[in-house]
Chemist: 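Quick one: the structure is below, questions incoming.
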Amino acid sequence: MTIAKLARKTVRELTPYQSARRLGGSGDIWLNANESPFANEYNISCSRLNRYSECQPAELIQAYADYAGVPKEQVLTSRGADEGIELLIRTFCEPNQESILYCPPTYGMYAISAETFNIATKTVPLTADWQLDLPAIQDNLDGVKLVFVCSPNNPTGNLMKRQDIEALLDMTANKALVVVDEAYIDFCPEASTVDLLNQYPNLVILRTLSKAFALAGLRCGFTLANNDVIELLLKVIAPYPVPVPVADIAVQALSPAGLAKTKFQVLDLCANRAYLQAGLSMLNDVRVFDGYGNYLLVQFPNADALFNALWDHGIILRRSPIENCIRISVGNRDECEKTLAFIREQLKQN
Ligand SMILES: *Cc1c(COP(=O)(O)O)cnc(C)c1O
């Protein structure tokens with residue numbers, strides 16, 4: 001018997017998430033993982049590493065609660081927002097019985113996390129203008145415990161209408177949780193649904209330091225929810241989920257100076273996004289969708305050929321499953337200029 005045969009059937013049949021890192025590539029310009037181009041400096045102390053970390057480091061929880069504008073009882077921290085997704089699924093869905101619902105095209109980890117734990121996935125595609133199809137969701141809520149809504153949505157970049165999220169929260173009251181993935185909300189904080197937490201016991205919000213805070217490598221995310229949801233998640237989370245250096249760095253990122261730096265960098269990236277959007281929009285047959293995160297979804301006449309030409313030239317973007325679309329992360333100005341110039345050259349419209 002081979003070792004592979006010892007694995008659970010589910011795992012043998014699983015296709016892992018095709019993260020930007022796994023897809024590889026080689027080049028100088030990496031605009032494929034919605035990472036920040038800013039590499040900020042932090043202080044690390046190694047004087048307490050003989051001791052376990054606090055399960056939920058109090059200083060970190062308080063700092064994020066203050067940033068998000070919620071009481072600390074409504075905050076849980078985990079290994080990135082991805083672990084938040086996994087914890088929610090493990091806490092609320094009965095394997096082989098219950099399901100999650102999500103609305104493609106959207107982030108791939110909801111489905112993969114669910115499949116890993118033998119939770120069925122129901123999909124209700126977004127409408128033609130990439131909004132929630134509420135009647136179709138209503139028709140598919142049987143056995144659904146979690147509905148994932150990503151806003152700004154990855155990879156399309158648009159925001160979900162607030163009144164639709166509220167309608168969805170009403171529709172699922174006492175039946176399912178609505179998980180609003182706000183991984184990119186720091187680029188458009190006014191669109192957050194965090195103010196709805198007190199009104200809706202079934203609302204859960206996912207946040208991360210990976211995008212606007214430029215800390216993808218730190219692996220630090222947050223789940224915001226009412227305290228009874230947080231208490232349940234704490235029953236399932238690992239005993240020491242947050243390494244001491246991670247908590248130390250995250251607290252620095254959330255200090256007044258850290259927040260000011262992030263705000264500045266967000267403004268800088270939004271200016272670069274506008275530059276890319278304007279430059280690409282000027283090209284014939286190119287359609288740039290309005291984006292509210294640190295990335296743009298762009299439709300080209302022949303996306304495969306262009307993607308490959310960029311790849312060969314060392315400009316690594318992300319091919320989207322949407323027809324002829326490429327997702328471009330917003331880099332620094334130099335990266336955006338080089339990418340735009342190469343695309344213009346390829347489309348021979350310069
Ligand atoms: C990047 C991303 C995440 C994962 O964030 P981590 O905190 O790095 O795990 C979650 N949701 C969406 C939509 C993302 O784009």
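Both counts, for ligands and for their atoms, begin at 1 and track the order of listing.
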Chemist: With a 4.0 Å heavy-atom cut-off, what residues sit around ligand 1?
Modeler: Gly80, Ala81, Asp82, Tyr107, Cys150, Asn154, Asp181, Ala183, Tyr184, Thr208, Ser210, Lys211, Arg219
Chemist: Checking Glu335 against Asn272: is there a side-chain donor and acceptor pair closer than 3.5 Å?
Modeler: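 Side-chain D/A pair, Asn272 to Glu335: absent.
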Chemist: Name the atoms and distances for all side-chain donor-acceptor pairs under 3.5 Å in residues 129-138, with sequence neighbours left out.
Modeler:
| from | atom 1 | to | atom 2 | distance (Å) |
| --- | --- | --- | --- | --- |
| Asp129 | OD1 | Thr127 | OG1 | 2.6 |
| Gln131 | OE1 | Lys161 | N | 2.9 |
| Gln131 | NE2 | Leu159 | O | 2.9 |
| Asp133 | OD1 | Ala136 | N | 3.4 |

Chemist: Under 3.5 Å, sequence neighbours excluded: what are the donor-acceptor pairs made by side chains of residues 256-269?
Modeler:
| from | atom 1 | to | atom 2 | distance (Å) |
| --- | --- | --- | --- | --- |
| Thr262 | OG1 | Gly258 | O | 3.3 |
| Gln265 | OE1 | Asn40 | ND2 | 3.3 |
| Gln265 | NE2 | Asn40 | OD1 | 2.9 |

Chemist: Classify the side-chain pair Gln62/Asp66 by whether it contains a donor and acceptor separated by less than 3.5 Å.
Modeler: yes
Chemist: For residues 77-85, please give each side-chain donor-acceptor pair under 3.5 Å, one per line with the distance, not counting sequence neighbours.
Modeler:
| from | atom 1 | to | atom 2 | distance (Å) |
| --- | --- | --- | --- | --- |
| Thr77 | OG1 | Gly221 | O | 3.1 |
| Ser78 | OG | Gly80 | O | 2.9 |
| Asp82 | OD1 | Tyr107 | OH | 2.8 |
| Asp82 | OD2 | Tyr107 | OH | 3.3 |
| Glu83 | OE1 | Arg79 | N | 2.6 |

Chemist: Classify the side-chain pair Arg207/Tyr64 by whether it contains a donor and acceptor separated by less than 3.5 Å.
Modeler: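 Arg207 vs Tyr64: donor-acceptor pair found between side chains.
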